[in-house]
Amino acid sequence: MLPRVRFAPSPTGWLHVGGARTALFNWLYARRHGGTFVLRIEDTDEARNTEEAMRAILSGLKWLGIDWDEGPEKEGGRGPYFQSRRKDLYLRYVRRLLDEKKAYEEKGAIRFRLPRRVMSVPDLICGMVHIDLSAEPDLTLVRADGSFIFHLVNVVDDLEMGITHVIRGEDHLSNTPKHLALYEAFAAKPPAFAHIPLILNKDGTKMSKRDAGAALGEYMAKGYAPDAVRNYLCLLGWSPKDNREVMTLEELVARFDLAQVNRSNARFDLDKLEWMNTRHMMDMPLPRFLELARPHLGEEGAKDPAYADRVLAAVKDKVKHLADLPAQTLYFFRDDFPIEPEAMAKALRKPGAADRLAELRARYATTAEWNAAALEAELKALAAAKGAKPAEFIHPCRAATSGRTIGPSLYPMLEALGRERVLARLDRARSMT
RNA sequence: GACCCCAUCGGCUAGUGGUUAGGCCAUCACCCUUUCACGGUGAAUGCACGGGUUCGAAUCCCGUUGGGGUCGCCA
């Protein structure tokens with residue numbers, strides 16, 4: 001039987017990295033085994049649910065490349081996929097428990113009689129876990145106001161939706177015996193459970209929604225590559241066991257399985273995510289980079305899309321975060337870009353810089369082919385002819401054309417800027433040396 | 001507090017009785033170099049502790065300590 005798994009967030013806040021990774025593991029498991037990934041919205045807490053949070057969760061999942069086979073915007077045979085629209089169903093299950101005296105009413109609420117014995121949870125990751133329910137208080141299923149409690153709806157939905165594997169955070173492990181008791185009361189076969197370790201903050205405390213860096217939206221806004229965030233998240237609690245770290249989506253799908261999921265919690269390490277991000281930016285094909293980067297360029301990029309793409313290609317291997325793009329590429333789009341003090345001091349105000357810029361300007365004015373290779377050959381030939389090191393031309397040229405001391409490789413940068421801009425800027429800079 | 005899970009460099013991890021305990025991030029040094037990066041080489045740093053089992057434990061068992069989680073009419 002092909003697996004059916006689900007991610008069941010409650011729309012009470014933004015998607016956080018822990019939830020994102022849980023979704024990812026479920027999705028990966030489904031894709032790896034040709035199963036079905038269901039997205040179910042657990043909106044039973046009407047007071048705290050927001051439409052905004054719902055949209056944030058969906059867009060976060062999509063951003064990570066996670067699609068669902070059944071769920072919101074994609075109705076399947078087991079819907080509806082919002083718990084707020086399944087109340088009749090829950091009521092039927094509760095009535096049945098009431099009829100069979102397995103539940104009772106108390107102060108208007110309905111409570112489930114927990115079996116007072118040791119329950120065993122066969123967990124795919126933690127092994128067999130025995131938990132004694134003898135001292136546990138009965139489980140409330142329905143509030144006095146008639147709304148339903150998580151444990152009830154979660155179990156009923158997993159049952160009704162034919163979920164075969166419940167992959168969720170380890171924080172649910174201790175509650176699982178109660179869920180098992182519910183399955184038993186419904187005379188139903190429970191799904192397999194796999195409790196994955198939690199993601200901790202850098203200081204080892206549990207990462208929760210409000211912690212710094214916990215919201216996936218932050219990474220989306222700062223312009224991380226989803227390929228990198230997804231890859232990094234997978235490496236928290238899972239390992240392909242062969243020292244491979246940088247992997248594409250396809251590679252992750254091909255390698256992922258529950259058997260290689262760890263039992264111990266992992267800390268979120270921003271430094272490594274940064275590294276992973278630049279790695280992915282450099283490794284990814286240009287078309288993919290353009291697709292991710294274009295939206296971050298803003299108005300400047302929209303004026304001349306072809307030029308914008310050339311700019312992006314030139315800076316691709318140097319970008320840390322896509323959100324930095326507007327500031328980082330300002331000089332490509334505006335002639336009134338600032339000349340940084342450091343560029344002024346270290347390059348333009350050097351003795352002989354003005355002459356070099358003039359010589360280079362003359363040379364570039366007549367360069368036949370305006371491309372990186374030709375520009376490099378011209379500059380080096382000029383340097384050799386003047387008995388100077390290429391660097392003595394390179395640094396003033398970079399400062400003059402970009403106003404900065406750091407940036408992409410010079411020749412591709414000049415090629416992208418185009419002859420007209422480069423010559424004008426070399427002229428302008430001479431008067432500032 | 002009770003119960004549950006966990007424990008290898010600072011972080012993420014490989015390792016399932018015999019290894020010089022490996023890789024990646026971060027750190028430091030050097031090399032490469034048109035800047036910044038990238039890349040390369042090297043360094044430093046680890047099996048939480050105590051008992052067992054065994055010819056032999058990072059690996060198996062028990063305990064201690066530490067960390068995390070759960071005990072809601074939150075999910």
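Only heavy atoms go into these numbers, but all of them, side chains included; no hydrogens, no water, no symmetry mates. None of these values were measured; they are calculated from a predicted model. Below, chain A is the first sequence line, B the second, and so on; all start at residue 1.
For A:Ala266 and A:Thr205, each mapped to the nucleotide of RNA chain B holding its nearest heavy atom, the one lying further toward the 5' end belongs to A:Ala266. Taking the nucleotide of RNA chain B with the nearest heavy atom to each of A:Tyr411 and A:Tyr232, the more 5' of the two is matched to A:Tyr232.
Of all nucleotides listed (B:C73, B:A75, B:U35), B:U35 comes nearest to the side chain of A:Lys318. Closest to the A:Ala391 side chain, of the nucleotides B:G69, B:U34, B:C74, is B:U34. Of all nucleotides listed (B:C5, B:C73, B:C25), B:C5 comes nearest to the side chain of A:Leu173. Nearest to the side-chain atoms of A:Asp271 among the listed nucleotides B:U35, B:A75, B:C25 stands B:C25. Between B:U35, B:A14, B:C5, one nucleotide has an atom nearer to the side chain of A:Val129 than all others, and that is B:C5.
Using a 4.0 Å cut-off, no side-chain N or O of A:Arg48 falls inside it from OP1 or OP2 of B:A75. Under 4.0 angstrom from either OP1 or OP2 of B:C5 there lies no side-chain N or O belonging to A:Arg263.
Here A:Thr44 lies in heavy-atom contact (under 4.0 Å) with sugar-phosphate atoms only. Across all strands, A:Ser264 comes closer than 4.0 Å only to sugar-phosphate atoms, never to a base (heavy-atom distances). Contact annotation for A:Asn175: base contact, defined as any heavy-atom pair under 4.0 Å involving a base atom.
For A:Thr140 against B:G72, no side-chain N or O and base N or O form a donor-acceptor pair under 3.5 Å. For A:Asn265 against B:G67, no side-chain N or O and base N or O form a donor-acceptor pair under 3.5 Å.
Between the CG atom of A:Asp283 and the C1' atom of B:G39 there is a distance of 12 Å, given to the nearest Å. Atom pair A:Ile131:CD1 and B:A2:C1' shows a separation of 12 Å (rounding to whole Å applied). Nucleotide B:A7 holds its P atom 14 Å from the CZ atom of A:Arg267, rounded to whole Å.
With C1' as the reference atom, B:C28 and B:G15 are 28 Å apart, rounded to whole Å.
In this structure, A:Leu180 and A:Met119 approach most closely via the heavy-atom pair CB-CE, 3.8 Å.
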